[in-house]
Amino acid sequence: MAQKSVAVLDVRSSEVTVFVGERGVNGTFVFKASRTEPYGGYENGEFFKEGDGKISDAILRAISAVEQVCGERLRMLYVGVPGDFTKVLAKEQDIGFPKKRKITEKDRETLIEAGKEKTDGYRFMRASSMIYVTNDKQRVVDPVGISTAGLTGCISYFYCSEYFCRVIEDAVKDLRISLKYLPTQFAMASYLVPSETRDECALFLDAGNISSTVSIVLGNGIMAQHSFCAGKIHVVFLVMERLQVSYDVALALLHRVNLFAKPEEGAAYAQLIYRGDSYEYSPALLAETVEEGLDQICEGAEAFLEEFDERELDNKPLYVSGEGLEDIRGAIEHISKRLNRILEPVAPNLPYYNKPAMGSRVALLDMACGDNRKSGFLYRIFNGFGG
């Protein structure tokens, strides 16, 4: 594989995608191969293991398809770790000096390294700074080169569950592929939410099909994060139950719902033709059911945010991405009204990939390309081999 290209595995709550890409020009990316495969999904930090829905089978199918397109074997795979399998620890770390001097990259690394700790059942992935404060109370994003006698860093430490690592490693054990784990929601928030917004603290919701994750973002790190079992599939299941239809029909109805319409508007009943069969339904009942399903996402996010009584969060908009709210007309507006908070949908600013469902893929590619560049020989020569 070309030196600039990276291979990434994006694990979502109902499908996996393996893709190969690299940085293009002017902030763009070039995707050389991509394959998405459905699987059973996960819930509360565990994968479903039903027959054809095993994640290991889906990963192997996706890797095989991508290798055929690329014409070579994958040797290194960056793996996106969903919020359900990620633990975030935010800590303050201090470093002091006998007298005032300029901060070096080695000083920063020493400060961050001091905060790493062993966590039962989890494996360290990476650390990233939220903000630094010098001993004279100066807040900075990057302290290197600044003169000070002491430095405090607010650091986010990201850990991946050993269970997740074992599942992925068992899936590819016969392929001789090296793995590196990346926190998916951190990658998404860093890529999709503007840096100037993150510097002042931002809220980010990754709405998925089965699981969703809400994060409090600060600078280049995460203050706190919470995943909960709620997403588009739960809305579909509720439609199935209330309207007495199959899964496929319920999904088709979900794409026809219009939460903007008032209950008194339109006909009392409408008709859906699906694969030659006719289904009569009440648009008002459908809208009411979908709103009730979306309320599960609202409740999950609301319960987490209520744990923080800082007034600074009250007026913050909630940036939202992920595949969970796509194709549901009025979903963003309903959640905004329910949470009494402005919602800002975000997606990659790239042709074809400018959809919320593509947010995790492009964000993980961005982070993987950055890590790949930093592991390069020339980068280590000019920046030191200790990084």
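Using modelled atom types, one side-chain atom of Ser282 and one backbone atom of Leu285 make a donor-acceptor pair closer than 3.5 Å. Side chain of Thr289 to main chain of Val239: no donor-acceptor pair is present (N/O by atom type, distance under 3.5 Å, no hydrogens or angles). Checked by atom type and distance alone, the side chain of Lys232 pairs as donor or acceptor with a backbone atom of Glu326 at under 3.5 Å. Using a distance-only test at 3.5 Å, with no hydrogens or angles considered, a donor-acceptor pair links the side chain of Thr28 to the main chain of Val25. Under a 3.5 Å cut-off, the side chain of Arg329 and the backbone N or O of Leu259 do not form any donor-acceptor pair. Using modelled atom types, one side-chain atom of Ser336 and one backbone atom of Arg341 make a donor-acceptor pair closer than 3.5 Å. Under a 3.5 Å cut-off, the side chain of Thr184 and the backbone N or O of Val81 do form a donor-acceptor pair. Under the 3.5 Å distance criterion, the side-chain polar atoms of Glu302 are left unmatched by any main-chain donor or acceptor of Leu339. For the pair Lys316 (side chain) and Glu200 (backbone), a donor-acceptor distance under 3.5 Å is present. Side-chain N or O atoms of Thr17 include none that pairs as donor or acceptor with a backbone N or O of Asp10 at under 3.5 Å.
A salt bridge links Glu105 and Arg108; the closest N-O separation between the charged side-chain nitrogens and carboxylate oxygens is under 4.0 Å. Of the charged side-chain nitrogens involved, at least one lies within less than 4.0 Å of a carboxylate oxygen, so that Glu162 and Arg123 count as a salt-bridged pair. Arg361 and Glu15 are joined by a salt bridge, as a carboxylate oxygen and a charged side-chain nitrogen come within less than 4.0 angstrom of each other.
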### Query
Can Leu350 and Met358 be said to form a side chain to side chain contact (heavy atoms under 4.5 Å, CB included), step by step?
CA-CA 10 Å; Leu350 299 171; Met358 296 292 180; over 6 Å; no
### Task
Would you check, one step at a time, whether the test salt bridge (Lys or Arg N to Asp or Glu O under 4.0 Å) holds for Lys116 with Glu113?
CA-CA 6 Å; Lys116 287 174 59 176; Glu113 191 70 20; 3.3 Å; yes
### Message
Determine whether Asp371 and Val6 satisfy the following criterion, side chain to side chain contact (heavy atoms under 4.5 Å, CB included), listing intermediate values before the conclusion.
### Response
CA-CA 10 Å; Asp371 283 11; Val6 296; over 6 Å; no
### Stepwise side chain to side chain contact (heavy atoms under 4.5 Å, CB included) test for Arg126 and Met367
CA-CA 12 Å; Arg126 70 198 294 126; Met367 182 172 282; 3.9 Å; yes
### Query
So Asn220 and Ser129, side-chain hydrogen bond (donor to acceptor under 3.5 Å, both in side chains) or not? Walk me through it.
CA-CA 6 Å; Asn220 295 319; Ser129 62; 4.7 Å; no
### Task
Could you check Val193 against Val217 for side chain to side chain contact (heavy atoms under 4.5 Å, CB included), going step by step and ending with a plain yes or no?
CA-CA 9 Å; Val193 180; Val217 189; 5.6 Å; no
### Message
Quick one, Thr152 with Asp94, criterion side-chain hydrogen bond (donor to acceptor under 3.5 Å, both in side chains). Give me CA distance, side-chain angles, the key distance, then yes/no.
### Response
CA-CA 4 Å; Thr152 298; Asp94 300 298; 2.5 Å; yes
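Tracing side-chain contacts under 4.5 Å through hydrophobic residues (I, L, V, M, F, W, Y), one never reaches Val133 starting from Ile103; they form parts of separate clusters. Hydrophobic clustering keeps Ile342 apart from Val346 (ILVMFWY residues linked when any side-chain heavy atoms are closer than 4.5 Å, directly or through intermediates). Hydrophobic clustering places Ile216 together with Val320 (ILVMFWY residues linked when any side-chain heavy atoms are closer than 4.5 Å, directly or through intermediates). Residues Leu238 and Leu251 do not share a hydrophobic cluster, clusters being chains of Ile/Leu/Val/Met/Phe/Trp/Tyr side chains in contact below 4.5 Å. In the hydrophobic clustering of ILVMFWY residues, with side-chain heavy atoms under 4.5 Å counting as a link, Val144 and Leu111 come out apart.
Counting heavy atoms from C-beta outward, Val69 and Val20 have side chains that stay 4.5 Å or more apart. Using a 4.5 Å heavy-atom cutoff, the side chains of Val66 and Arg35 are in contact. Counting only heavy atoms from C-beta outward, the side chains of Leu364 and Tyr191 never approach each other to under 4.5 Å. Residues Ile222 and Phe204 fail the side-chain proximity criterion, which asks for heavy atoms closer than 4.5 Å. For the pair Glu292 and Arg242, the minimum side-chain heavy-atom distance is below 4.5 Å. At least one side-chain heavy atom of Met130 sits less than 4.5 Å from a side-chain heavy atom of Met223.
To the nearest 0.5 Å, atoms OG (Ser128) and CD1 (Ile112) are separated by 7.5 Å. Interatomic distance, CG of Leu286 versus CD of Glu291, reported as 10.0 Å (0.5 Å rounding). Of the inter-residue distances, the one linking Arg198 atom CZ with Tyr319 atom OH reads 10.5 Å to the nearest 0.5 angstrom. Here the CE atom belonging to Met188 is positioned 4.0 Å from the CG atom belonging to Asp206, to the nearest 0.5 angstrom. The distance from the CG atom of Leu365 to the OG atom of Ser360 is 11.0 Å, given to the nearest 0.5 Å. Put simply, OH on Tyr42 and CZ on Arg12 are 6.5 Å apart, with the number rounded to the nearest 0.5 Å.
Residue Asn349 places its CG atom among 12 or fewer non-hydrogen atoms of other residues, nucleotides or ligands, all under 6.0 Å distant. For Arg139, the CZ atom sits in a loose shell: 12 or fewer heavy atoms of surrounding residues, nucleotides or ligands are nearer than 6.0 Å. The environment of CG in Asn340 is sparse: at most 12 heavy-atom neighbours from other residues, nucleotides or ligands sit within 6.0 Å. At most 12 non-hydrogen atoms from other residues, nucleotides or ligands lie less than 6.0 angstrom from NZ of Lys337. Within 6.0 Å of the CG atom in Leu179, the count of heavy atoms belonging to other residues, nucleotides or ligands exceeds 12.
No side-chain donor-acceptor contact under 3.5 Å links Ser13 and Asn209. A side-chain donor-acceptor contact under 3.5 Å links Lys32 and Ser5. Checked by atom type, the side-chain pair Thr110/Asp107 shows no donor-acceptor distance below 3.5 Å. Looking at Gln271 and Ser278, their side chains do bring a donor and an acceptor atom within 3.5 Å of each other.
Two rings, from Phe164 and Phe85, have their centers less than 6.0 Å apart. Ring centroids of Phe31 and Tyr353 are separated by less than 6.0 Å, placing the two rings close together.
Using cut-offs of 30° and 60° on the angle between ring planes, the pair His234 and Phe237 is perpendicular.
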